[in-house]
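These notes are about the structure you will find just below.
Counting starts at 1 for both ligands and their atoms, in listed order. Everything numeric here is computed off the predicted structure, so don't read it as measured data.
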Amino acid sequence: MGYTPFENKVWLATPTMHGEELEYITQAYESNWMSTAGANIEEVERIISEKLGCKYAVALSAGTAALHMAVKLAGVKRGDKVFCSDMTFDATVNPVVYEGGVPIFIDTEYDTWNMDPKALERAFELYPDVKVVVLVHLYGVPGKIDEIREICDRHGAIIIEDAAESLGATYKGVQTGTFGEFNCISFNGNKIITGSSGGMMLTDSEEAAQKARKWSTQSREPAPWYQHEELGYNYRMSNVIAGVVRGQIPHLEDHIARKKAIYEKYKKGFEGLPVIMNPYDEKNSEPNFWLSCMIIDKEAMCRQTRGPLAAQFFKEPGRSCPTEILETLEKYNVEGRPVWKPMHMQPIYANNAFVCAADSVDVGADIFERGLCLPSDIKMTDDEQEIIIDIIKSCFD
Ligand SMILES: *Cc1c(COP(=O)(O)O)cnc(C)c1O
């Protein structure tokens with residue numbers, strides 16, 4: 001094919017800085033607000049809550065911390081069953097377990113790669129007492145919010161939205177991260193905008209926001225000494241990190257536009273190949289296109305085996321598989337990734353229940369088998385992306 005490996009690695013998604021970040025960090029430094037209080041924190045909370053259209057945003061050390069606070073606010077107690085998206089990063093579900101809750105995994109649908117409302121409905125038939133549903137918008141694509149909302153309302157359950165990957169994505173014109181009672185966004189290093197780390201818990205409830213603020217700062221009571229009536233956590237965002245986030249926020253829209261262009265370019269480049277891009281509801285939703293993903297048609301899959309820690313494939317003309325494509329990209333110094341391995345397939349959650357829309361259909365396992373994440377770094381050049389498209393095409397020779 002005549003390409004040599006890229007001299008500089010092309011990454012899946014890395015931080016992209018713009019300069020303002022440094023100004024806000026410097027302000028924090030020069031004013032000595034180098035702690036978990038200060039103007040940057042106040043500003044990011046104000047700007048994000050205004051931008052997204054929720055009343056309160058509580059800046060925390062990570063998206064995972066935000067989810068933990070959300071799970072506590074939802075009142076999950078030891079032994080409580082909680083319905084969770086199945087195909088996701090384990091940070092979506094671990095906080096349920098921190099509180100002693102028991103995740104029950106709800107299978108995925110093909111239309112958006114998110115929680116399948118039919119599987120959720122079925123889960124409520126099996127477990128009618130469940131009161132909390134944790135819903136992720138995978139790779140920045142909004143899930144079937146209306147359907148899920150309706151089912152949850154009917155069963156008296158509340159939604160926790162994990163919008164860690166979907167900041168800026170909208171469903172019927174409304175921002176993700178505002179549909180649930182208690183929601184989370186993340187500023188981890190590879191997300192659409194970053195603080196290098198950090199996250200936020202979003203809610204319309206003043207009481208909930210106040211609780212999250214208190215819990216995340218070691219649950220101090222308003223007394224002259226350190227007085228504690230509740231368990232506390234050290235989860236508050238640093239004012240330095242908040243400076244980075246503050247500098248990134250004005251660039252969210254540019255990042256989304258660039259990510260969308262990357263998605264569209266792959267989509268066009270793959271015309272004629274037996275693959276599709278990760279789909280979304282074009283009528284009702286506008287993703288943030290955080291990661292571009294593809295899934296190979298069943299008929300075009302060569303054989304691939306995956307053990308607990310390694311994968312193998314068996315080359316067949318005209319066919320390929322995620323393992324072949326990822327190994328080939330690696331050879332050219334390009335980073336791709338399998339799609340999130342579903343939680344019900346993870347050894348740590350082997351004993352948890354998993355509910356599908358119909359018997360003997362496991363959509364999550366199928367998408368995991370045939371899907372992969374493509375390099376989606378917004379600093380990738382058009383030329384680099386064209387070569388990557390060619391490299392992927394060659395896997396189907
Ligand atoms: C990144 C991520 C999180 C966790 O965010 P952190 O800020 O890394 O703790 C949670 N859920 C999903 C789906 C994520 O991708």
Side-chain angles (χ1 to χ4, degrees), residues 11-15 44 48 57-72 74 82-99 103 105-106 108 112-115 132-143 145 159-169 176-177 179-180 182-202 212 216 233-238 241-242 244-245 248-249 255 259 278 287-293 337-344 346 348-349 364 367-368 371 373 376:
W11 299 93
L12 197 71
T14 59
V44 295
I48 289 286
V58 180
L60 299 169
S61 56
T64 310
L67 282 163
H68 187 189
M69 296 293 92
V71 168
K72 264 180 85 86
V82 175
F83 294 151
C84 298
S85 287
D86 176 57
M87 202 170 73
T88 184
F89 186 33
D90 73 343
T92 307
V93 296
N94 288 344
V96 170
V97 182
Y98 298 167
E99 288 304 305
F105 300 113
I106 309 299
T108 310
T112 75
W113 294 12
N114 286 303
M115 184 183 282
V132 180
V133 176
V134 184
L135 174 71
V136 68
H137 305 290
L138 209 69
Y139 302 128
V141 175
I145 294 171
I159 295 175
I160 292 175
E161 247 184 304
D162 177 355
E165 300 181 357
S166 67
L167 179 60
T176 59
F179 293 98
F182 315 111
N183 310 309
C184 138
I185 56 174
S186 166
F187 301 113
N188 184 337
N190 68 3
K191 298 298 197 293
I192 190 109
I193 58 170
T194 182
S196 74
S197 67
M200 274 185 179
M201 200 283 295
L202 310 173
S216 63
Y233 304 84
N234 180 8
Y235 276 174
R236 198 71 166 129
M237 183 184 278
S238 130
I241 298 290
V244 184
V245 175
Q248 288 264 288
I249 293 172
H255 286 202
K259 293 272 189 189
N278 55 323
N288 71 1
F289 300 94
W290 173 55
L291 290 189
S292 285
C293 305
R337 196 161 71 183
V339 297
W340 295 123
K341 183 173 179 174
M343 290 300 115
H344 79 277
Q346 299 287 358
I348 182 175
Y349 291 122
I367 296 175
F368 176 60
C373 304
S376 307

One line per pair, note the atom names and distance for all nitrogen or oxygen contacts under 3.5 Å between ligand 1 and the protein.
residue	atom	partner	partner atom	Å
ligand 1	5 (O)	Ser186	OG	3.3
ligand 1	7 (O)	Gly63	N	2.8
ligand 1	7 (O)	Ser186	OG	2.7
ligand 1	8 (O)	Asn188	ND2	2.8
ligand 1	9 (O)	Gly63	N	3.3
ligand 1	9 (O)	Thr64	N	2.8
ligand 1	9 (O)	Thr64	OG1	2.5
ligand 1	11 (N)	Asp162	OD1	3.3
ligand 1	11 (N)	Asp162	OD2	2.7
ligand 1	15 (O)	Glu165	OE2	2.5
ligand 1	15 (O)	Lys191	NZ	3.3

Note to self: Regarding Trp340 and Gln346, do their side chains bring together a donor and an acceptor under 3.5 Å, going by distance alone?
What the structure shows: no
Notebook entry, point to check: Taking the side chain as C-beta and beyond, is there a heavy-atom pair between Met237 and Leu60 under 4.5 Å?
Noted result: no
Margin query: According to ring pair (Phe, Tyr, Trp, His ring centres under 6.0 Å), who are the partners of His68, at least two apart in sequence or on a separate chain?
Written below: Tyr98, Tyr233, Tyr235
Item checked: Listed partners of Phe182 passing ring pair (Phe, Tyr, Trp, His ring centres under 6.0 Å), at least two apart -> none
Side-chain donor-acceptor pairs under 3.5 Å in residues 194-202, sequence neighbours left out?
residue	atom	partner	partner atom	Å
Thr194	OG1	Phe187	O	2.7
Thr194	OG1	Asn188	O	3.0
Thr194	OG1	Gly189	N	3.4
Thr194	OG1	Ser196	N	2.8

Check: Cut-off 3.5 Å, side chains only: do Tyr139 and Asn114 have a donor facing an acceptor?
Finding: no
